[in-house]
Amino acid sequence: MPFIRLDKLLADMGEGTRSQVKGLIKGGKVTVDGRKVTDSSLKVDTEASSVTVGGRLLNYSTFTYIMLNKPSGVITATRDSREQVVTDLLKPPYSKMGLFPVGRLDKDTTGLLILTNDGDFAHSSLSPKHHVPKTYYVEARGKFSQGITERFREGIVIDGGYKCREAVLKVQELKEDGISALVTVTEGKFHQIKRMFQAEGGEVTLLKRIAFGDIVLDQGLAPGESRPLNEDELKYIYGLKEKG
């Protein structure tokens, strides 16, 4: 059975460092299966035991997966000496779990970003062999023709001569001086979508990721807000992991 020391369980759940959670336990703030516990070394059944901290029930999981609505101006990283990074936006207990972003969004790109402490998932989801589709809402300046949809489907050749994989572009509005569209890609070359529109003679003015595979950005999340993935979203994550 999956037993784990109580102090490690609390630390893994972001309730504090090992020394901090030992203080919580000794202070009588923790119960296991309805009984107050003061022994930090107590082995807890992670599948069957009920653990509370200060009356708050914990749902233990080996890994944590968070959806963040990334705002503009924040760097997709875990640390930076000069600028704000996405992990700075997380609140306790998630800010204490050592989470990191899966992939990256440019500083001025907004929208769906997944953070986790599951390295295997991060690797599998970014592996080129899985071709996880990522959908973006795009606004761009320039003169675009109706043929842009077909050219994206055939594969845009960007600067440097690289031919991108097939991309799906759904035009929402095509004006004389610009376009708004949904773009789905299955690869993640550096500044890829911006470079694709540049190859068409345009300039991206707004870029927002709205979907990562079957996981869709929660419209209830304001920029900078986050939440744990729900059951259906986790099923998608587990499916990617099973593919290896």
query: Are the charged groups of D159 and R195 less than 4.0 angstrom apart, N to O?
result: yes
message: With rounding to the nearest 0.5 angstrom, report the CD to CD distance, E187 to Q192.
response: 4.0 Å
- request: With rounding to the nearest 0.5 Å, note down the distance linking CD in E233 to CD1 in I237.
  value: 8.5 Å
query: Quick one: which of K29, R56, K8 gives a salt bridge (Lys or Arg N to Asp or Glu O under 4.0 Å) with E15?
result: R56
- request: Spell out, as yes or no, whether a donor-acceptor pair under 3.5 Å connects the side chain of N69 to the backbone of E225.
  value: no
- prompt: Quick one: CG on N117 to CG on L99, what's the gap to the nearest 0.5 Å?
  reply: 5.5 Å
field: Donor-acceptor side-chain pairing of S145 and R151 below 3.5 angstrom
entry: yes
query: To the nearest 0.5 Å, how far apart are NZ in K208 and CD in E139?
result: 10.5 Å
- request: Please answer whether the main-chain N or O of E173 pairs with a side-chain N or O of S180 as donor and acceptor at a distance below 3.5 Å.
  value: yes
message: Show the nearest heavy-atom pair for residues L217 and L68, with the distance to one decimal.
response: CD1-O, 4.5 Å
- prompt: With distance as the sole criterion, is a donor-acceptor pair present between the side chains of T52 and T31 under 3.5 Å?
  reply: yes
- prompt: How close do K107 and K70 get, heavy atom to heavy atom, and via which atoms?
  reply: O-NZ, 3.0 Å
statement: side chain to side chain contact (heavy atoms under 4.5 Å, CB included) test vs K194 passes for just one of V138, T109, I158, namely T109
